[in-house]
Amino acid sequence: MKKSVVLLMTFVLALTLAACGKNNDGGNAGASPSASPSGSSDAGASVSGSFIASGSTALQPLVQQVSEKYMAANDQVSIQVQGGGSGAGLSQVAEGTVQIGNSDVFAEEKLKDADADKAKSLVDHQVAVVAMAAVTNKDVGVDNLTKDQLVSIFTGKVTNWKDVGGKDEKIVLVNRPASSGTRATFEKYALGTKSQDLPGAIQEDASGTVRKLVSETPGAIGYLALSYLNDSVKAVQYEGVEANADNVASGKYPVWAYEHMYTKGEPEGAVKAFLEYMLSDEVQNGDVTDLGYIAINKMQVTRDVEGKVSNK
Amino acid sequence: MNLPETRPSADPATPRNAPATAGAPAPKPAGKAAKHRLEEWRGQAFVYLCVLLLVVIIFSIVVFIASRGLTPFVSQGVSVKEMLFGLEWAPEADHPMFGALPFLFGSFSTSLLAAIIAAPLGICAALFMTEMMPKLGKTILQPAIELLAGIPSVVYGFVGLSVIVPFLRHTFPGQGVGIMAGAIVLSVMILPTITTIATDALRSLPAGLKEGSYALGATRWQTIARIILPTTLPALLTGVVLGIARAFGEALAVQMVIGNAPHIPHSLFESATTLTSIITLSMGNTTTGSLHNNALWSLALILLLMTFLFVFIVRMLERRSKHA
């Protein structure tokens, strides 16, 4: 008797596991969005529903922290925050497998050519600004780099720090992979051109790893979001302008990008309420600033998809 | 169920307790038989179902990867020749290029180098555990080596980045990252595979073979070198090939220490990359269906085909060892 019970339980377990496996498979292929927002916006102040936000790992800590606070205040809402990268987030939200796609870049920059229609169906919610600074190992002896100098360094025309006013030391590039949103921002606004994957250059995607490598490798240069800066690396000025929140907000320091949360069509119910909370002063002046992002309401300039900057 | 060792006699012809319960001896054994048949059937159905599920899962994985991975060749204008022999990988450039040879080179060189480091270590550890000090080996060395298999790869990667990369940077010219750093990390990771398979092979060796050698006056070293190692060679090689396969597929730990420049390096201490590390680095940042994304699936397909090749080699080695 006992044996058959055990057998039965194993059977059930196997079936459950099998079902899980199949679900994942279907999720990848873009099938049934089982967790669609069931929020009823007409229910007055209280919202309910569950949804998933996935994508950019640069934005993930902020969304994670804010979602936990939001769920604590609204126990009818359940939010799942996942990483995966900006590209994955945009694909998934366009397919409808998740409700919010987090991205470091405009959807139009990722979803091009055949996918351009997908980008049109997405609605942009800019929730924060992230700025990047070029960082070097502490021993290179350079405080400021001009745009031309950075271009020469990242395209391999200059290979020694003495050519840009530093010590006689070989330059070691710590770049990001070609698909990275951080790299796209740095190339677009700091270099104005694409950098190259040079032989001998290091490529890492994770900011923590980039910082570790730059701080330990003599002659290394890389770039980091301001929230990752600390004493182990040296942030250099760009065209004589220091990378800090005030200079970004006033438009003096150009190397920054919006953090986007895309929805497919206009958001409703719980998703809408959450995005509104994200843009509230409480979050913008609290969590956003605490985590090293720049609050969207502090920005005195705006920028569009083409990179045109205008005063607010 | 409570009839010990007399199951055959439980059929109606010779019921042991028939005199006592003379009323109805027939239905009870019949019920038992039906129960056994049901048990048999349940077991069989369960096994068949599991196997069916397994086949479906494997088949769908292969079909999925192949359908994505073949798209760049079929409809997006990338040639197989460019993918396999091209030296330039620039997927986001204005004229995208998809030369994966640097990745193939990186994958093969790191995993072969890892096997060259790990094979002597693993096989010697197995010899020590089976031939020299079985007791110490079984109680201390074997659990210690098996523990290595349980450490998550991100931990290996982080240890590699914090210990091995700085060490190599200070000791050799270069940045520390590169094929050597990747191979060292991988060699520790595949040590349990090689050691476990070698130990099993050595343990299953017929005792008579060794005793015969000793009886002829051979020393322990002569026995190991001339009898034990040649006899178990195919099994030892199986372990090494499985180790290489594991190293070939490892992504995260290698990605953290190899540097990831998409070029064939000039030295073991220069930034290089592997098939797996370029996939983990770029997959999340690309959108489904884009050429870049599909090209990464093509790399995954190459990885899958390499795995098939490794399985094939292992099969061949096993057949050899049976004939020997």
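Order of the sequence lines sets the chain letters (A, B, ...), proteins ahead of strands, with each chain counted from 1.
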Do any N or O atoms from the side chain of Gln175(B) and from the backbone of Val172(A) form a donor-acceptor pair under 3.5 angstrom?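 Side chain of Gln175(B) to backbone of Val172(A): no pair is present.
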His263(B) (side chain) donor-acceptor with Asp197(A) (main chain) under 3.5 angstrom: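 Between the backbone of Asp197(A) and the side chain of His263(B) there is a qualifying donor-acceptor contact (under 3.5 Å).
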Rounded to the nearest 0.5 Å, how far does NE2 of His292(B) lie from OG of Ser179(A)?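 So the gap between those two atoms works out to 5.0 Å.
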pair [X]-[Y]: side-chain heavy atoms closer than 4.5 Å:
X: Arg169(B); Y: Pro218(A); value: yes
X: Ser162(B); Y: Lys212(A); value: yes
X: Leu161(B); Y: Thr209(A); value: yes

Applying side chain to side chain contact (heavy atoms under 4.5 Å, CB included) to Ser271(B) and Gln203(A), what does each step give before you reach the verdict? CA-CA 8 Å; Ser271(B) 177; Gln203(A) 281 188 15; over 6 Å; no
For chain A, which residues of residues 177-188 of chain B have at least one non-hydrogen atom nearer than 4.5 Å to it?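 Under the 4.5 Å heavy-atom cut-off, Val177(B) qualify.
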Heavy-atom pairs under 4.5 Å with chain A - which of Leu291(B), Thr280(B), Thr286(B) has more of them than the others? Thr286(B)
Partners of Ser180(A) by side-chain contact (heavy atoms from CB on, under 4.5 Å), sequence neighbours excluded? Arg176(A), Pro177(A), Thr182(A), Arg183(A), Asp205(A), Asn285(B)
Any residue meeting side-chain contact (heavy atoms from CB on, under 4.5 Å) with Val80(B), in chain and number order, not counting sequence neighbours: Phe73(B), Leu84(B)
Measure Pro265(B) against the heavy atoms of chain A and call it side chain, backbone, both or neither at under 4.5 Å. neither
With only heavy atoms counted, which part of Glu270(B) is less than 4.5 Å from chain A, the side chain, the backbone, both or neither? side chain
Listing request: all side-chain hydrogen bond (donor to acceptor under 3.5 Å, both in side chains) pairs with a residue in residues 76-89 of chain B, at least two apart in sequence or in separate chains. Gln76(B)-Asn294(B)
Which atoms of Leu198(A) approach chain B - backbone, side chain, both or neither, heavy atom under 4.5 Å: backbone
Which answer fits Lys110(A), side chain, backbone, both or neither, if we ask what part of it has an atom under 4.5 Å from a heavy atom of chain B? both
For the student: nearest non-hydrogen atoms of Lys194(A) and Glu92(B), plus distance: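 The answer is NZ-O, 2.8 Å.
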Contact summary for Met256(B) and Glu204(A), nearest pair of heavy atoms: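 Of all heavy-atom pairs spanning Met256(B) and Glu204(A), the closest is O-OE2, 3.7 Å.
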